[in-house]
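Hydrogens, waters and symmetry mates are skipped; everything else that's a heavy atom, side chains included, is used.
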Amino acid sequence: FIFFLSYSRVQKIKSYDTFILIVISLLFFSCSSEKAKSVVFGFLPILTWLPSYPLKQYLFGDIVSGISTGVMQLPQGLAYAMLAAVPPVFGLYSSFYPVLLYTFFGTSKHISIGTFAVISLMIGGVAVREAPDSMFAVNGTNASQVVDFEARDARRVEVVVALTTLVGIIQLVLGLLRFGFLAIYLTEPLVRGFTTAAAVHVSVSQIKYLLGVHTARFNGPLSVVYSLDAVFRNIASTNVVTLIIGLVCTVFLYIIKDLNERFKKKLPIPIPGEIIVVIVSTGISYGMVMSENYGVEVVGKIPTGLLPPKIPDFSVFPNLFPDAFAISVVGFSIAISLAKTFALKHGYSVDGNQELIALGLCNFMSSFFHTFVVTASMSRSLVQESTGGHTEIAGLLASILVLLVVVAIGFVFQPLPTTVLAAIIMVNLLGMFKQLKDIPALWRTSKIELAIWLVSFFASVLLGLDYGLVVAMGFAILTVIYRTQCPKNALLGQIPDTGLYFDVDEYEEAEECSGIKIFQSNTSIYFANSDLYVSALKAKTGIDPAKLLAGRKSQIKYAKRDNGERKAVNHCSSVKKNAVMDHVYTNGQMNENHTESDSEDDFFLQRLTPIHTIILDFTPVNFIDSVGAKCIKSVSQQLLFPKKTLEDRLVRSGLIH
């Protein structure tokens, strides 16, 4: 109510419009006290655990975890802002506001919200596309390569902030509509292949900072190829001092990361290698005036304090919507997968819909304070959990630490070489590159999931992260269709002296019952695969109703002809009206049928096949639509089953309605 009233005053809405907004607000919140309490506690999870927060048990662990995470969040915020194509200070803003808000709205106790490499790279691609260097050439041409960097960065910040606002709106709306299940369509092989491809993009984008060369930033299909080509074309202009600093920092960070991994059980807290590198390299750069004496590129101006809030530029929303939707889904998928992992480990639950709402509020509300899109960070979440973090208080303390740096000592990092930030980014990507080990594992377990992983990886590398994600999701959906079109079909046999039935092709002890075929297909039967089901049934049982029908007609034709010939020869002999002696050969033996009243079906089956019963095992079948039911009914009639029995059983079992 207060929000609507304030908004109406700011926007100078007419009185009747304000009245309508008030009425809608009151109607929306009119409910019982218990329902209102449930809604409030669900919307603000902090109210459920903060009143009973055990200070003696949790506070010390949360303080240590918060400081450790905050120390790690500072350099990562500066570094990932480079990926987002905005000045580094905006990474610090993004490491404060959203983390603070998540404390109140989030349900995970261990994930660290903030900047993340994959999301930052996707944001940077949008910023470069909407505000390329060519738009800010001083003389309006590309020939001089003189760019107004201040105007370019200002425009890119506007684009990124608008994108963040739109992402927040999309996530918030999806959360309110209970679309928390959306992440299930981003299957794990797809996400891991996608993030590995993102690691390739990030690494390639940081090579120029490690070498100290100046190249344009490319976006879209084959951007990786274009970026590598630009770097190699300008490799002769490599700044040796920049390269040495970058390599030394990379080696040092790798060693520290390895030590933290090996001795994580013995170390009370991880060694803060990143902040050590930032402090030392900043001091050396400041003391040696590397920017002026050696041409080393540095972070540059970092304003002290926080910027006042500003309304985003809504005019660019139409151009940003497809990118915003992709970023919102990917960001939520990463956050909820980490949240569920830690929740399972520590024995609590997370609400997917509330997490979507929390991320939406973090991005939407923070965007008014010049932040870019955030999600959970894998590396920081592991640090927060391993250093004793118990609740969201750890994230709150980490954000306060970032705030102190922004307000008090942000200017200290102005001499920081950008090659150090590039080293931090690349070392943090090692975990993503380890996902390449998924390939041999998936080869042994599931070829289809391996195909999803590879398509997601190569499509994202070659086409870019946005188009690559669309292609990967489309391919994943096609694999679902493929699974229904090409299910596993089997004939079941009985394990002797048991009531167990297994695939006779996979289990040597499984034996088929004489004269009986038990057919099983592990898929539902519907319009898209009903014909394939019938074809598999014919192939597995070796019985083709069409051939049997043709054979039946042929047998009846010859039987009538033989009967006619015998009657012509023996027309004088005395026979009973309906008696006839037929000699039928079955399995090489002669049987006598003494009455013509025996059905033609029995005569037909005995003559053409030794199988007298076919059982359709519907244990794996979840549903059958009308087309599938008609198809099975038609086959059952052709196989001489009773016309109504099968359909009645399907109705009684609930498989069809």
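- Atoms OG1 and CD1, from Thr391 and Ile393 in turn, are 5.0 Å apart once rounded to the nearest 0.5 Å.
- No side-chain donor from either of Thr107 and Gln354 sits under 3.5 Å from a side-chain acceptor of the other.
- Phe60 and His390 have their aromatic ring centers separated by at least 6.0 angstrom.
- Ring orientation note: the planes of Phe218 and Tyr226 are tilted relative to one another, at an angle of 30° to 60°.
- The cationic group of Lys310 does not satisfy the cation-pi geometry with Phe368, failing either the under 6.0 Å distance to the six-membered ring centre or the 45° limit from the ring axis.
- Inspection of the Ser367 and Thr165 side chains reveals an N or O donor paired with an N or O acceptor under 3.5 Å.
- Between Arg217 and Asp133 no salt bridge is recorded (no basic side-chain N to carboxylate O distance below 4.0 Å).
- Atom OG of Ser203 and atom CG of Leu429 lie 4.5 Å apart (nearest 0.5 Å).
- A centroid separation of 6.0 Å or more is found between the aromatic rings of Phe457 and Phe194.
- Partners of Asp148 according to the salt bridge (Lys or Arg N to Asp or Glu O under 4.0 Å) rule, which considers only residues two or more places apart in sequence or in another chain, do not exist here.
- Side-chain polar atoms of Glu355 and Ser108 form no donor-acceptor pair below 3.5 angstrom.
- With respect to Glu130 and Arg156, no salt bridge is recorded, no charged nitrogen being found less than 4.0 Å from a carboxylate O.
- Defined by atom type and a distance below 3.5 Å, a donor-acceptor pair is present between the side-chain atoms of Tyr53 and Asp62.
- Interatomic distance, Ile111 CD1 to Leu382 CG, rounded to the nearest 0.5 Å: 12.0 Å.
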